[in-house]
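Inspection log for the structure reproduced underneath, given as structure tokens.
The model shown is predicted, which means the values in this text are computed figures rather than measured ones.
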Amino acid sequence: VELEAKVDALTDEINFLRAFHEAELNELQAQISDTSVVLSMDNSRNLDLDSIIAEVKAQYEEIANRSRAEAESWYQSKYEALQVTAGKHGDDLRNTKNEITEINRTIQRIQGEIENAKAQRAKLEAAVARPR
């Protein structure tokens with residue numbers, strides 16, 4: 001039951017992280033779309049639109065790369081934390097299984113002792129019940 005509760009908790013955490021991931025992606029996309037670029041223009045006839053477009057494109061790519069790196073770093077840390085948690089739960093499960101096995105051995109040993117005690121009691125009752 002405890003392990004099922006842990007599984008449910010981990011499932012809830014995964015669902016929460018997915019929702020959080022989607023919300024963060026939406027927020028990052030909103031930030032990117034809300035980013036404005038200010039261009040200064042002079043009235044000279046040598047306006048080079050190709051270089052301006054290339055510069056704007058480079059700025060957007062830099063922003064996108066930075067956002068991507070931040071998101072990857074954040075998700076990598078979350079992934080590592082989940083791996084640690086999963087490993088801990090695996091160890092807990094293994095320890096619990098070992099405890100159950102040990103308890104079952106103890107139960108079998110005690111049941112054997114009870115059977116021996118019952119047999120001994122029956123022999124003693126039979127010896128007491130015999131007429132002299």
Side-chain angles (χ1 to χ4, degrees):
V1 171
E2 182 181 339
L3 293 176
E4 286 178 11
K6 287 180 182 180
V7 166
D8 289 342
L10 287 174
T11 303
D12 291 343
E13 184 176 353
I14 288 170
N15 290 335
F16 170 77
L17 289 175
R18 280 190 183 134
F20 186 76
H21 168 67
E22 290 176 14
E24 185 172 273
L25 280 178
N26 291 336
E27 182 180 318
L28 289 174
Q29 288 172 348
Q31 286 177 358
I32 290 172
S33 67
D34 290 344
T35 304
S36 63
V37 177
V38 177
L39 296 177
S40 61
M41 293 185 58
D42 58 7
N43 289 331
S44 68
R45 299 284 180 203
N46 297 335
L47 189 61
D48 185 10
L49 289 179
D50 289 336
S51 66
I52 293 172
I53 291 172
E55 184 180 334
V56 170
K57 182 178 177 182
Q59 288 175 358
Y60 274 117
E61 286 176 356
E62 181 183 338
I63 292 169
N65 287 336
R66 221 177 343 185
S67 296
R68 187 179 304 111
E70 288 174 8
E72 286 175 1
S73 172
W74 184 82
Y75 284 110
Q76 182 64 30
S77 68
K78 288 297 179 186
Y79 178 74
E80 289 170 0
L82 286 175
Q83 280 183 321
V84 168
T85 303
K88 180 183 176 295
H89 289 306
D91 291 343
D92 290 347
L93 178 62
R94 196 174 311 106
N95 291 338
T96 303
K97 284 182 178 180
N98 289 338
E99 288 176 19
I100 289 171
T101 302
E102 186 60 36
I103 290 171
N104 283 334
R105 284 190 200 123
T106 303
I107 289 171
Q108 289 175 353
R109 181 182 53 81
I110 291 173
Q111 285 176 339
E113 290 174 4
I114 290 171
E115 290 302 317
N116 287 338
K118 284 180 180 179
Q120 187 177 7
R121 186 195 75 200
K123 287 180 186 176
L124 290 173
E125 286 177 351
V128 168
R130 265 191 257 147
R132 296 181 186 231

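Note on R68 versus E72: no salt bridge recorded, every NZ/NE/NH1/NH2 to OD/OE distance being 4.0 Å or above.
The line from CG of N95 to CD1 of I100 is 11.0 Å long, rounded to the nearest 0.5 Å. Atom OH of residue Y60 and atom CG of residue N65 lie 14.5 Å apart, to the nearest 0.5 angstrom. The line from CG of L10 to CG of L17 is 10.5 Å long, rounded to the nearest 0.5 Å.
With S73 contributing its side chain and A69 its backbone, the two residues share no donor-acceptor pair below 3.5 Å.
With a 4.5 Å cut-off between side-chain heavy atoms of Ile, Leu, Val, Met, Phe, Trp and Tyr, the cluster of I107 takes in I103. With a 4.5 Å cut-off between side-chain heavy atoms of Ile, Leu, Val, Met, Phe, Trp and Tyr, the cluster of I110 takes in I114.
Checked against salt bridge (Lys or Arg N to Asp or Glu O under 4.0 Å), R18 has no partners two or more places apart in sequence or in another chain. When the salt bridge (Lys or Arg N to Asp or Glu O under 4.0 Å) test is applied to E4, no partner is found at least two apart in sequence or on another chain.
Under the 4.5 Å side-chain criterion, counting only non-hydrogen atoms from C-beta, L93 is not in contact with K6. I52 is not listed as a side-chain neighbour of E55, based on a closest heavy-atom distance of 4.5 Å or more.
Around CD of E125, the count of heavy atoms belonging to other residues, nucleotides or ligands within 6.0 Å exceeds 12.
For residues 94-103, the salt bridge (Lys or Arg N to Asp or Glu O under 4.0 Å) pairs, not counting sequence neighbours, are D91-R94, E102-R105.
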Side chains of residues 74-84: which donor-acceptor partners sit under 3.5 Å, not counting sequence neighbours?
from : atom 1 : to  : atom 2 : distance (Å)
Y75  : OH     : H21 : ND1    : 2.2
Q76  : NE2    : E80 : OE2    : 3.1
S77  : OG     : W74 : O      : 2.7
Y79  : OH     : Q83 : NE2    : 3.0

